[in-house]
2 protein chains.
Amino acid sequence: MQDAAPYIAQRPRRADGIRNYDAILTTARKAFEAAGADASLEDIAAQSGVAIGTLYRHFPTRAALVEAATRDGLASLISHADQAAATLPPLDALRSWMSQAIQHFSTFRGLVGILTRSMYDAGTPSHAACAAMHDSGARLLRSAQATGKIRADLTPDELFDLLSGAAWVRENSHPGSDGGARFLELVLTGATTRPDGPT
Amino acid sequence: MQDAAPYIAQRPRRADGIRNYDAILTTARKAFEAAGADASLEDIAAQSGVAIGTLYRHFPTRAALVEAATRDGLASLISHADQAAATLPPLDALRSWMSQAIQHFSTFRGLVGILTRSMYDAGTPSHAACAAMHDSGARLLRSAQATGKIRADLTPDELFDLLSGAAWVRENSHPGSDGGARFLELVLTGATTRPDGPT
DNA sequence: GTGCTATCATGAGACTACCTCAGGTTATCC
DNA sequence: GGATAACCTGAGGTAGTCTCATGATAGCAC
């Protein structure tokens, strides 16, 4: 759940390297939440007690650091999908997962944009995790569609458009917002079938 | 429609000042569309044939430049609302205006964010125009609600959440997107009333 | 413990962009 | 043809990104 160093199996890693890697990651999470995805990397290095070069050694790009900092959240989102599918009726499972996803996507300012880009760009660090999440969301969608309660013409990509739109609004809208719950409700209403046809 | 210098009435302006103001604005529009709202201001100045100080003289902040560059678009959006209200049934007028709004909000990458901030922050250059647009949208919404075809519990602020979410998705989603039309359709479906109640 | 070596850390510095301001220029008015 | 307010300039301070030559050291073998 916390800071599992990722390339531990590839090569023998030195203890100081692991220590710094973890320290940078912990600082980065706080910095991103405080200042958004474009927080100063120099500040993160300084607050971690390492030089800027050390940060770049472990995380060659900002995207790599963001990916590492949000990896656990994405993973738990995927497992949440499995759990919801196993314990809730399909429509409730979808709703619950979407709510969770919107919350995670807006962990800090700028995350949605990074995740959305990762979803459709295979060259980015988060791409694999995003694709996995895409699949687990698609499964929930298909189940809900199979019950006939969600309109059949809604595609997984469109589901993610709705999700990321909701997350962006949650990040950027007026202060008196309710954290995306209302947006999700409106969007889900649009996605459910109705007696008189989809439109 | 084009480059009307704004503070023309306040003081006698020199011809060279007006010339530079217009040149910067023309360059800025192109630069924003090519590189997004965070295009280099130094490049804009250079391509306009003026020094960086001249750009800052006319547009003290980036927000001021963006506001000036998008002023016409916002104004035409407001007049589109009046025209739609006068010539179309309320629901169609709302739909037409929303489509137009989504298109304008996503003129270039980063615009939605600026407009959304302006909407709720009275200290920003675009605030007045945003508020005016907010009002004209709210009027269309109220008319559509009066026909009973749009759910009565939808507030103007929520309408703008939906709009800006759609615009953000149009800006950032997958390449094979359709320009927000599908998102608008889904969202409008959620906003319309249904025989079996809103949820 | 000694030595070896791949791994790791350092931070100066090149680069880019933002924004300011003191000093110089010029359009405009009378 | 002055006077002057409006305007322009661009060097320079600040801040952030990212690289790389140099040096340090953890971990291993003996």
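Because the structure is a prediction, the values reported are computed rather than measured. The analysis underlying the following values was restricted to heavy atoms, covering all of them including side chains, and did not include hydrogens, waters or symmetry mates. Quick note on labels: first sequence line is chain A, next is B, and so on, each numbered from 1.
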*asked:* Of the listed nucleotides (C:dT20, D:dT17, C:dC8), which one gets closest to any side-chain atom of B:Y56?
replied: C:dT20
*Taking atom C1' of C:dC8 as reference, at what distance in whole Å does atom CD1 of A:I24 sit?*
11 Å
*Please give, in whole Å, the distance from D:dT25 C1' to A:R13 CZ?*
16 Å
*asked:* I want to confirm an ordering. Mapping A:D16 and A:L41 to their closest nucleotides on DNA chain D, which one lands closer to the 5' end?
replied: A:L41
*Reckon A:T54 has a side-chain N or O less than 4.0 Å from the OP1 or OP2 of C:dC8?*
no
_Rounded to whole Å, please give me the gap between CG in B:N20 and C1' in D:dT9._
12 Å
_Phosphate-side-chain proximity, B:R14 and C:dT28, N/O vs OP1/OP2 below 4.0 Å_ = no
*Choosing from C:dA9, C:dA17, D:dA6, which nucleotide comes nearest the side chain of B:E42?*
C:dA17
*Which nucleotide sits closest to the side chain of A:I52: C:dC18, C:dT28, C:dG11?*
C:dG11
*Please answer whether the main-chain N or O of B:S126 pairs with a side-chain N or O of B:R71 as donor and acceptor at a distance below 3.5 Å.*
no
*Starting at the 5' end of DNA chain C, which residue's closest nucleotide do you reach first, B:D43 or B:R19?*
B:D43
*Rounded to the Å, how far apart are B:I18 CD1 and D:dC8 C1'?*
16 Å
_Check this one for me: any side-chain N or O of A:H58 less than 4.0 Å away from OP1 or OP2 of C:dA9?_
yes
_Distance, rounded to the nearest Å, where A:I44 contributes CD1 and D:dC18 contributes C1'_ = 15 Å
*Report yes or no: does A:R95 contribute a side-chain atom to a donor-acceptor pair with the main-chain N or O of A:P90 at less than 3.5 Å?*
no
*Can you find a side chain N or O atom of B:S40 that sits less than 4.0 Å from OP1 or OP2 on C:dC18?*
yes
*For A:A39, report the nucleic acid contact type (base, sugar-phosphate, nothing); a contact means any heavy atom under 4.0 Å.*
sugar-phosphate
_Can you work out whether B:D38 or B:A15 has the more 5'-proximal nearest nucleotide on DNA chain C?_
B:D38
_Within one Ile-Leu-Val-Met-Phe-Trp-Tyr cluster: A:L88 and A:I78, side-chain cutoff 4.5 Å_ = no
*Can you find a donor-acceptor N/O pair under 3.5 angstrom joining the side chain of A:R62 to the base of D:dT17?*
no
*Mind checking whether A:F160 and A:H134 have parallel, tilted or perpendicular rings, split at 30° and 60°?*
parallel
*May I have the distance from A:F59 (atom CZ) to D:dC18 (atom P), rounded to whole angstrom?*
14 Å
*In whole angstroms, how far is the C1' atom of C:dA6 from the CZ atom of A:R57?*
9 Å
*Within the distance-only criterion (no hydrogens, no angle test), does the side chain of A:N172 pair as donor or acceptor with the backbone N or O of A:W168 below 3.5 angstrom?*
yes
*Would you mind classifying the nucleic acid contact of B:G17 as base, sugar-phosphate or nothing, using non-hydrogen atoms under 4.0 angstrom?*
sugar-phosphate
